[in-house]
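These numbers come from a predicted model, not from an experiment. Whatever order the structure lists ligands and atoms in, that order sets their numbers, starting from 1.
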Amino acid sequence: MSDNSFGRLLRVTTFGESHGPAIGCVVDGCPPGIPLAPEDFSHDLARRATGKTRHTSQRHEADEVEILSGVFEGRTTGTPIALLVRNTDARSKDYAKIADQFRPGHADYTYLHKYGVRDPRGGGRSSARETTMRVAAGVIARKWLADRFGVQVRACVSQVAGLVPGRFDWDAVESNPFFWPDAGQVAELEAFMDALRKSGDSAGARVHVQALGVPPGWGEPVYGKLDAEIAAAMMSINAVKGVEIGAGFASVTQKGSEHRDLMSPEGFASNHAGGILGGISSGQPIDVSVAFKPTSSLRLPGATVDRSGAAVEVVTTGRHDPCVGLRAPPICEAMLALVLMDHALRHRAQNADVPPVTPKVPGG
Ligand SMILES: Cc1cc2nc3c(=O)[nH]c(=O)nc-3n(C[C@H](O)[C@H](O)[C@H](O)COP(=O)(O)O)c2cc1C
């Protein structure tokens, strides 16, 4: 595997498997002087964690971050920041039965085909356990973006199967286990999830992730366009099947007169562009929508083949998320923050001396 790093000036590398001794990351290119302590990671890692409610996998990980390098006397030093999280609640025996079978919809078949060898325990490297380290790295990016630019990154679940929020209240999102923006629908979601779990099936979901306060100018046309790199970052998250920026696929049926975001000295009249024009941030909120497929590990029997090619029926037991999208908002936030910080540094490197020549158009 030769592609476990992303970002140009802020470069993040993750390593580790679901049931290995530990997972970790190296964050290189982080500016010096940022206050950083192990406690800084607790909040976001807890938001991503399993086992907090009956609606997620019941794996209970401590998710304690050890800072191995890059921090001295509580501040980043500009050298590589290495973070480590030990795996404390792996139950590998759950995977013994399916070690020689390919779960339909999972990465078992492609990993074995590509590498000729596979760590079946908890999905190995293809497990979403890896996203713990994205969230940890994202904590550093969020901190820097907030301190330097007042940028805020937030996310919510904006659809579960066919259910959409009746109203959109960001203040409700962190007060329920579904990151759901309509507090009045939480009971309905609980009932939906309970029935889903009982049925043994899984559901897909959509996550809306947004960055507020991004200044105009970030993004590197043409191959490093901000929207292109955000889309790639989101698509690199496990189980993601679609990414939309702004109006996304709805643009297909919009007229130009409807889609364009009219400008006045008071600001933009709408934000169908999702805060990005020509691959460069416009100063409007950056709006991204991410589609997560339904979990493939099901206890409902499904047809597959084993290593020898014989037809078998696979049944996945063990601990799984019935709706992986419900755990994804902190991961999407982290990926957006990491892309933005990388672009802030890249913009600074080339364009810090460019005087502002455009009038100020308030960001939506
Ligand atoms: C937060 C999160 C949790 C996940 N939990 C599970 C799980 O419990 N069981 C499972 O089979 N897949 C789970 N997945 C999805 C798999 O990791 C993913 O489907 C697999 O690696 C194959 O990759 P692909 O779906 O991107 O093709 C999860 C994904 C995310 C983002």
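Residues Leu112 and Phe102 have side chains in contact (heavy-atom distance under 4.5 Å, counting atoms from C-beta outward).
The aromatic rings of Tyr95 and His19 sit perpendicular, their planes meeting at an angle over 60°, well past the 30° parallel limit.
Side-chain contact annotation: His208 with Asp287, donor-acceptor N/O pair under 3.5 Å present.
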Need the list: ligand 1 N/O atoms against protein N/O atoms, distance under 3.5 Å, rounded to one decimal.
unit_1	atom_1	unit_2	atom_2	d
ligand 1	5 (N)	Asp321	OD2	2.9
ligand 1	8 (O)	His320	ND1	3.4
ligand 1	8 (O)	Asp321	N	2.9
ligand 1	9 (N)	His320	ND1	2.8
ligand 1	11 (O)	His106	NE2	3.3
ligand 1	11 (O)	Ser297	N	3.4
ligand 1	11 (O)	Ser297	OG	2.5
ligand 1	17 (O)	Ser126	O	3.3
ligand 1	17 (O)	Asn238	ND2	3.2
ligand 1	21 (O)	Ser126	O	2.7
ligand 1	25 (O)	Ala239	N	3.4
ligand 1	25 (O)	Lys293	NZ	2.7
ligand 1	26 (O)	Ala239	N	2.9

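Under 4.0 Å is where a charged nitrogen must lie from a carboxylate oxygen, and between Arg8 and Glu229 no such pair does.
Atom OG in Ser296 sits 10.5 Å away from atom CG in Asn238 (nearest 0.5 Å).
Listed by first then second residue, pairs satisfying side-chain hydrogen bond (donor to acceptor under 3.5 Å, both in side chains) with a partner in residues 347-356 number zero, not counting sequence neighbours.
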